[in-house]
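Report on the following structure.
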Amino acid sequence: MKDEELQKQIEAGIPVQSNDGKAYQLVFNKVKQEPAFHVPISFADRILAIIEKREEQRDFRWLAFGIFLSVIALVVVLTITKAWTMGVFSFISGYPGLIAFGVAFILLLQWVDRKVVRKDATH
Amino acid sequence: MIDDKALVGQVLRGDQQAFRMLIKQHERLVSHMIGRLIDKPEDREELCQDVFLKVYEKLKEFTFQSKLSTWIATIAYRHGINHLRKRKIKISDLPDDETHIERFIAVDDASETLADAQLDQIVLTLVEKLPPQYKAILTLYHVQEMSYPEIVEITGLPEGTVKNYLFRARQLLKEKVKQYLGKEAV
């Protein structure tokens with residue numbers, strides 16, 4: 001019997017008594033076995049940790065990019081207007097408490113977003 | 001079990017637990033594929049990790065035109081093959097010439113490798129000696145029980161080639177097992 005027919009018969013579950021048939025039967029039984037390699041139990045945790053770290057780094061890069069653009073914008077504005085003064089922000093000096101509260105509130109919101117809101121969404 | 005569409009939707013909305021579930025559901029598939037393609041144990045885990053990082057990165061591009069498992073297996077297969085190509089390892093080097101086939105099923109080679117092996121380990125040892133594409137197709141067909149169209153999609157090979165590789169791989173394994181069984185009988 002040809003190899004092609006033997007393979008078809010064994011795949012169909014028909015027993016074949018020849019030497020070739022027995023060898024094929026052994027091959028078919030064993031190739032179904034899973035390879036010995038398995039990933040460790042903590043594999044998924046490790047991948048999630050890498051993703052979290054990458055996203056933090058991406059956030060940091062965007063923050064750095066934003067600060068860089070703000071500095072560029074400030075330099076451009078000061079160059080164009082030739083107004084080398086911070087006069088436009090002088091009103092701030094009258095409300096130091098309000099400004100401090102504003103900055104603290106924004107930082108608090110960012111902290112809550114990072115530690116509570118995002119964590120709840122992902123767990 | 002949660003269906004592919006719902007699971008992918010949850011991952012895309014930033015639900016890390018959904019991605020954990022996706023990894024758990026497919027880690028065996030990926031580890032089988034990479035485990036069969038890559039010989040070096042130290043590379044296997046890192047490659048499996050890279051596959052899932054790529055899955056996370058590319059998930060928004062998944063269009064549900066195939067099963068999620070087929071798409072992930074495609075990424076794993078290509079990642080494994082690219083890794084082998086970078087190391088200049090031949091991925092389907094089993095030409096038709098008789099000398100090559102004879103070399104694979106050479107008796108001396110069998111006696112060296114299998115002298116102390118248990119019978120149930122013989123075929124697995126021989127499978128490891130096959131070229132990577134043959135091993136991948138054997139694994140997808142016999143271990144993952146995937147259909148020919150799925151294997152075609154994963155490997156990018158024509159259906160005729162997939163069937164041919166599967167046939168030849170089993171035939172070569174049979175020839176070598178037959179030799180070993182013959183020796184045992186002596």
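Order of the sequence lines sets the chain letters (A, B, ...), proteins ahead of strands, with each chain counted from 1.
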Winner by heavy-atom pair count (cut-off under 4.5 Å) against chain A, out of B:Gly35, B:Cys48, B:Pro41: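 Of B:Gly35, B:Cys48, B:Pro41, B:Cys48 has the most heavy-atom pairs under 4.5 Å with chain A.
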With a 4.5 Å cut-off on side-chain heavy-atom distances among I, L, V, M, F, W and Y, is there a chain of contacts connecting [X] to [Y]?
X: B:Val143; Y: B:Leu47; value: no
X: B:Ile72; Y: B:Leu12; value: yes
X: A:Phe68; Y: A:Val76; value: yes
X: A:Val103; Y: A:Leu109; value: no

What distance do [X] atom [atom1] and [Y] atom [atom2] have between them, rounded to the nearest 0.5 Å?
X: B:Gln171; Y: A:Glu4; atom1: CD; atom2: CD; result: 9.5 Å
X: A:Leu48; Y: B:Gln16; atom1: CG; atom2: CD; result: 5.5 Å
X: A:Phe37; Y: B:Leu37; atom1: CZ; atom2: CG; result: 12.0 Å
X: A:Phe43; Y: B:Arg20; atom1: CZ; atom2: CZ; result: 12.5 Å
X: A:Glu34; Y: B:Arg36; atom1: CD; atom2: CZ; result: 9.5 Å
X: A:Tyr24; Y: B:Arg170; atom1: OH; atom2: CZ; result: 8.0 Å

Over all atoms of both residues, closest heavy-atom pair of A:Val27 and B:Val177: CG2-CG2, 3.9 Å
Heavy-atom neighbours of [X] [atom1] exceed 12 at 6.0 Å:
X: B:Phe64; atom1: CZ; result: yes
X: B:Glu128; atom1: CD; result: yes
X: B:Glu42; atom1: CD; result: yes
X: B:Lys67; atom1: NZ; result: no
X: A:Ile41; atom1: CD1; result: no

Interface moiety of A:Asn29 toward chain B, non-hydrogen atoms closer than 4.5 Å: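 Answer is neither: A:Asn29 stays 4.5 Å or more from chain B.
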Side chain proximity check, A:Val31 to B:Tyr141, heavy atoms < 4.5 angstrom: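 The answer is no, as the side chains (C-beta and beyond) never meet within the 4.5 Å cut-off.
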B:Lys174 vs A:Asp3 side-chain heavy atoms within contact, under 4.5 Å: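 With C-beta onward as the side chain, the pair touches.
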Structural part of B:Arg28 lying under 4.5 Å from a heavy atom of chain A: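 For B:Arg28, the contact with chain A is made by the side chain alone.
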B:Phe167, part contacting chain A, at a heavy-atom distance under 4.5 Å: both
Most chain B-contacting option - heavy-atom pairs closer than 4.5 Å, from A:His38, A:Glu52, A:Arg46, A:Lys22: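 Sorted descending by pairs with chain B, the first entry is A:Arg46.
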Chain B interface, residue from A:Pro40, A:Pro35, A:Ala36, A:Ala23 that has the most non-hydrogen pairs under 4.5 Å: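 Top count of heavy-atom pairs under 4.5 Å with chain B: A:Pro35.
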A:Ile50 and B:Gln49: CA distance, side-chain angles, deciding distance, side-chain contact (heavy atoms from CB on, under 4.5 Å) verdict: CA-CA 10 Å; A:Ile50 293 171; B:Gln49 190 176 287; 3.2 Å; yes
side-chain contact (heavy atoms from CB on, under 4.5 Å) between B:Leu53 and A:Arg54, worked out: CA-CA 10 Å; B:Leu53 290 172; A:Arg54 281 187 180 182; 3.7 Å; yes
